[in-house]
Amino acid sequence: MHRKLWSQLTYANVVSTLCLFLLVSGGAAIAATQLGKNTVGPKQLKKNAVTAAKIKNEAITAAKIKPGTLTGAQIDTSKLGTVPAATTAATATTATTATTATTALNATSLDGNLASGKTLRGNFAVAGTNDPSGFVDENAISFAIPLAKAPEFHSITPGAPPTAQCPGGPENPTAAPGHACFYLTTAVNTTGNLEFRNPGRFGTSYFTPATATGVYNARGLWAVTAP
């Protein structure tokens with residue numbers, strides 16, 4: 001068989017076979033080392049062929065990243081600075097106001113005292129039938145929020161002019177800090193004055209002296225301001 005093969009070899013066959021071999025092997029080498037510009041595309045790259053080591057540092061810009069694709073898993077939030085809006089939010093005006101409001105509320109809550117300069121207002125009335133052999137009727141009020149200390153109580157007869165301690169009137173009951181003012185609007189069969197019993201920072205009981213036997217009444221509005 002070898003003799004037959006050798007007998008069929010000619011110079012032309014050997015030269016042509018050698019040229020074909022050189023063409024194939026040499027062409028592959030040229031293709032790998034002399035690729036033209038912009039000739040390699042996605043079809044020529046194997047999957048996962050481009051690794052982190054092959055990417056130039058700082059080569060990837062924001063424009064190359066698809067919006068909405070980065071999450072907390074890709075970002076080290078501990079290295080992020082505080083943006084200006086977040087700094088403002090940390091001390092928001094509403095939060096500061098809320099803190100002030102909480103402080104004010106605590107100062108006037110039911111388990112605390114009325115804040116200094118704050119005023120409470122209400123109505124009062126007492127009525128009955130005077131019997132010289134008995135006692136006149138008595139009533140009482142309790143301040144919704146107690147004061148830190150007892151105020152000075154004042155009874156203002158109907159139509160009396162304002163004073164430094166009680167500068168208001170029945171239509172606008174007011175009181176100077178540290179004072180409680182009772183403005184009478186009605187006084188029938190009485191002296192027109194109230195007398196206070198056990199006055200204190202929580203309120204007072206009161207009555208009005210009757211001037212004759214029979215029905216009497218006194219009513220009006222009050223105001224108290226914390227010192």
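Treat the numbers as computed from the prediction; the structure is a model and nothing was measured.
Contacts of Ser116 classified as side-chain contact (heavy atoms from CB on, under 4.5 Å), with partners at least two apart in sequence or in another chain: none. The side-chain contact (heavy atoms from CB on, under 4.5 Å) check on Ser142 picks up nothing, with sequence neighbours excluded. Applying the side-chain hydrogen bond (donor to acceptor under 3.5 Å, both in side chains) test to Arg219 and every residue at least two apart in sequence or in another chain returns nothing.
Residue pairs meeting the disulfide (SG to SG under 2.5 Å) criterion with at least one partner in residues 174-227, sequence neighbours excluded, are Cys166-Cys181. Listed by first and then second residue, the ring pair (Phe, Tyr, Trp, His ring centres under 6.0 Å) pairs that reach into residues 152-176 are Phe153-Phe196, His154-His179, sequence neighbours excluded. The stretch residues 42-64 participates, sequence neighbours left out, in no ring pair (Phe, Tyr, Trp, His ring centres under 6.0 Å) pair at all. Listed by first and then second residue, the disulfide (SG to SG under 2.5 Å) pairs that reach into residues 182-227 come to none, sequence neighbours excluded. Sorted by first and then second residue, the disulfide (SG to SG under 2.5 Å) pairs involving residues 182-227 (not counting sequence neighbours) form an empty list.
Between the Tyr183 side chain and the Gly168 main chain, a donor and an acceptor come within less than 3.5 Å of each other.
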Under 3.5 Å, side-chain donor or acceptor atoms of residues 220-227 against the rest of the protein: list the pairs with distances, not counting sequence neighbours.
unit_1 : atom_1 : unit_2 : atom_2 : d
Trp222 : NE1    : Asn123 : O      : 3.3
Thr225 : OG1    : Thr119 : OG1    : 2.7
Thr225 : OG1    : Ala175 : O      : 2.7

Side-chain donor-acceptor distances from residues 204-211 under 3.5 Å, at least two apart:
unit_1 : atom_1 : unit_2 : atom_2 : d
Thr204 : OG1    : Arg197 : O      : 3.3
Ser205 : OG     : Glu138 : OE2    : 3.2
Ser205 : OG     : Arg197 : O      : 2.8
Tyr206 : OH     : Ala125 : N      : 3.1
Tyr206 : OH     : Ala125 : O      : 3.1
Thr208 : OG1    : Asn193 : O      : 2.9
Thr211 : OG1    : Asn189 : O      : 3.4
Thr211 : OG1    : Asn189 : OD1    : 2.8

Between Arg201 and Asn113, does the side-chain contact (heavy atoms from CB on, under 4.5 Å) criterion hold? Intermediate values first, please.
CA-CA 9 Å; Arg201 69 188 190 93; Asn113 298 321; 3.2 Å; yes

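When all heavy atoms of Ala144 and Leu120 are compared, the pair lying nearest together is N-CD1, 4.1 Å. When every heavy atom of Pro151 is checked against every heavy atom of Gly200, the shortest pair comes out as CD-O, 3.6 Å. Of all the heavy atoms in Ala187 and Gly192, the pair that sits closest is CB-CA, 3.8 Å.
Note that OH of Tyr216 and CG of Asn130 are 6.5 Å apart. Values are rounded to the nearest 0.5 Å. Within the model, atoms CG of Leu194 and CG of Leu184 stand 4.5 Å from one another, a figure rounded to the nearest 0.5 Å.
Val215 belongs to no hydrophobic cluster with other residues, because no ILVMFWY side-chain heavy atom falls under 4.5 Å from its own, directly or through intermediates. The hydrophobic cluster of Val188 has no other members, since no ILVMFWY side-chain heavy atom comes under 4.5 Å of it.
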